[in-house]
Amino acid sequence: MPSRPSTERTHGYSLLELALVLLVLAVLASGLAMPLAAQVAQKRGEETRRRLDEARDVVLAFAATHGRLPCPASDASRGEESFEAAGDASNGRCAHFTDGFLPGAALGLSPLDAEGYVRDAWDSPRNRIRYAVYGGTVNAVAQALTRTNGMQAATLPALGAQSRYLFVCASAAGATAGGCGPAANQLTRRAAFVLLSTGANGALVPAAGGDEARNLEGDGTFVTHDASGDPARPFDDVVQWVPVHLVVHRLITAGRLP
Amino acid sequence: MSRMRGSHGAALLLAVLLLACIAASFAALALAGRLSVARGRATERALAQAREALIAYAVDRPINAAVGPGYLPCPDLDGDGWAESTCGSLDGATGQAARLGLLPWKTLGLPELRDATGERLWYAVSTKYKGLLNCAESLPCVDMTPAQALGTITVRSSRGEVIHDGTAASGVAAVVIAPGDPLARLEAAGERLQSRRCAPGDCDGLGVCITVPPQLAAPCDPRNYLDRAPGGAFPEDNADFVDRSDAAGRARNANGFIMGPVMADGGRIAVNDRVAVVAYDDIMPRVMARIALEVAQCARFYAGRSENGGRFPAPAPTCARGERFGTLPDTPFDVGGTGMLARWWRDFPRAPEDLAQLPTHDDACRLAVAPDDPGPVRTWAGGIPSSEGETAPAPSWWRAWKPLVFVTLPAGGVSLVDAEGHVAGEPQAAAVIVASACPGADVCGDDACTRLIVGGNPHDLHAIATLH
């Protein structure tokens, strides 16, 4: 039986080879899996930014068509604009100027969740894209930005001269409903509307007093800075805003101003 | 027998594992590919947002009786997001380095835009389009008419061809640059690695450059972001440029910007800057439309006053298109015995007046000397200038634009048609036309200009605003 030893040897090599190959594969797969997870997270971030950008464009298009900015949706308005009891498009009295959601159904956006809202790429029910719009008075015209032709009534120079709209700050420290506190903390005070994604941790309730908590305060002052993994003060919100003069620019282009 | 069976089993297993491995790497590659497309989109999106905000800033900002629309902000040199208040003289002979810096995103009201590699955007502005602190005092500065407000910045395509010539009339008003990843910058003395990290003491806690000048700090030095093309066919350095607006200096404007990517010898990338331009064509037609709207608003306000009963000031005939076509006259208007107002919104002296009918500083017609009262409702104030309501004196944007603004007031109204002669809108009482010369057959459909051709090319150098 000259062939027996050779058979055994062959079997032994195959097993060793297999073990080596498996080891190499395991190393490769683990190397591949880490970047894959990071890539998926990065892709979700990209997708969220893309959705915010699309929302920004659609809100601006709505303004050009209707001569006003849309009112935010409420928790129960199924993605439609939410007005006060006596409010409508002609007086622009929104129910939730600074603590509502993007009215995805009203704007004809897609994809919508079952209730008619747009979600960010993390897709939990608490990841609906939020939307805030300036509801103040400009040149004696109340709710000038959300009232049909309210910006026309307020006039171009007065819109330009008004010193404050919505605030966006670099940090919640010092920020109140009235502004960002120190001048260096202020990113803008002239945002006509703000779009907000609560990010990967959107399903969690943010710690009180933190930057993410300020964004859910709903008082017209928002915070954004680079994402931070600091467990004490995590921040992964994505904030997008449009200044008043860009809204004005679109309205002029559309022939709705001056 | 047994050897063959064993070997076959292992080979199959290996083949399956190999296939799985290949499939996984393909999946990873596909995902990476999609991400790089998404990264490219992020740069394009940031550049597009910056362009739109700059155009909006130039065209739609509030204006006053002295300084009209058309100006762009100075760059941000120290990285605090705000435009510097000044960036060189009117002809561009001084302050050249101050006209290249970071995009002043706070001044523009934007979020802090970043390109796909996470870098802030850079920005250069033409000396003719930048504002000056004392612009209202000089006629050449307030004059932003089509023949004067020429771009002065040269831009080359990535193949080295000049596509916007700043030495001639086709220069651009501004460029926005996404700097991309750091690379080894080609310089006359050899390669220089772009380092964007701030040396200790050069920046404050917020990353603002506190050196004097700010360009001494690495994050504010354009050479650490903007690249230099190899010599020969592409003699271009994006970290410096020349943009003179005087005749003598204009010839030097060939030093401009080059769009990436540009390859060096050996196939490596020498310039990875992505350049977006704000061209003359992007701004000027829109500024003309803004001028038309401003004049129309003045005429509408004048006609709406009870004394005027819907009538407009009679035009000063020009361009041989009859009595009812011409330029706007200056105050005092020749109103004869019609009872119409001799100024844009009032007669003078005339007291008492109905204050409710008078405009405030904010909503007054911008052709005329505005009242001091900011509003929102006019209250009688002692400081009203006696010239209130007169056409603004020179230097003012209106004096520069006046020869280019025409009104047509046909007795039977104006009809609007498209280029094929089909009705394109409701008939109007009158129209304001802004054009760089007497409007021709591409604007007026007949001799007396009772028919206006609308809806043409948006880059046409004329604009129409109607009055009803």
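Convention: sequence-line order gives letters A, B, ...; per-chain numbering from 1.
- Among Arg189(A), Arg250(A), Arg190(A), the residue making the largest number of heavy-atom pairs under 4.5 Å with chain B is Arg250(A).
- Heavy atoms of other residues, nucleotides or ligands lying less than 6.0 angstrom from CZ of Arg49(A) number 12 at most.
- Contacts of Arg50(A) with chain B are made by both backbone and side-chain atoms, with heavy-atom separations under 4.5 Å.
- A side-chain N or O of Tyr134(A) and one of Gln162(A) form a donor-acceptor pair less than 3.5 Å apart.
- One finds the CG atom of Leu60(A) at 5.5 Å from the CZ atom of Arg56(A) (value rounded to the nearest 0.5 Å).
- A disulfide is assigned to Cys203(B) and Cys198(B), since their SG atoms are nearer than 2.5 Å.
- Between Asp230(A) and Ser228(A), the side chains place no donor N or O within less than 3.5 Å of an acceptor N or O (distance only, hydrogens not considered).
- Contacts with chain B (heavy atom to heavy atom, under 4.5 Å) involve these residues of residues 239-248 of chain A, listed by number: Gln240(A), Trp241(A), Pro243(A), His245(A), Leu246(A), Val248(A).
- Residues Arg51(A) and Asp120(A) are not paired through a salt bridge, judged by the lack of any N-O separation under 4.0 Å between the basic side chain and the carboxylate.
- Of all non-hydrogen atoms in Arg114(B) and Ala46(B), the two that sit nearest each other are O-CB, 3.5 Å.
- Leu206(B) touches chain A through its side chain: at least one heavy atom from C-beta onward sits under 4.5 Å away, while N, CA, C and O do not.
- Salt-bridge check for Glu112(B) with Lys106(B): failed, with every basic side-chain N at 4.0 Å or more from each acidic carboxylate O.
- Val194(A) pairs in a side-chain contact (heavy atoms from CB on, under 4.5 Å) with only one of the listed residues (Thr98(A), Asn215(A), Val133(A), Leu166(A)), which is Leu166(A).
- If you measure heavy-atom distances from Leu159(A) to chain B, you find no contacts under 4.5 Å at all.
- Between chain B and the residues Leu22(A), Thr188(A), Asp53(A), the largest count of heavy-atom pairs under 4.5 Å involves Asp53(A).
- The choice from Leu110(B), Ile55(B), Val208(B) that makes the most heavy-atom pairs within less than 4.5 Å of chain A is Leu110(B).
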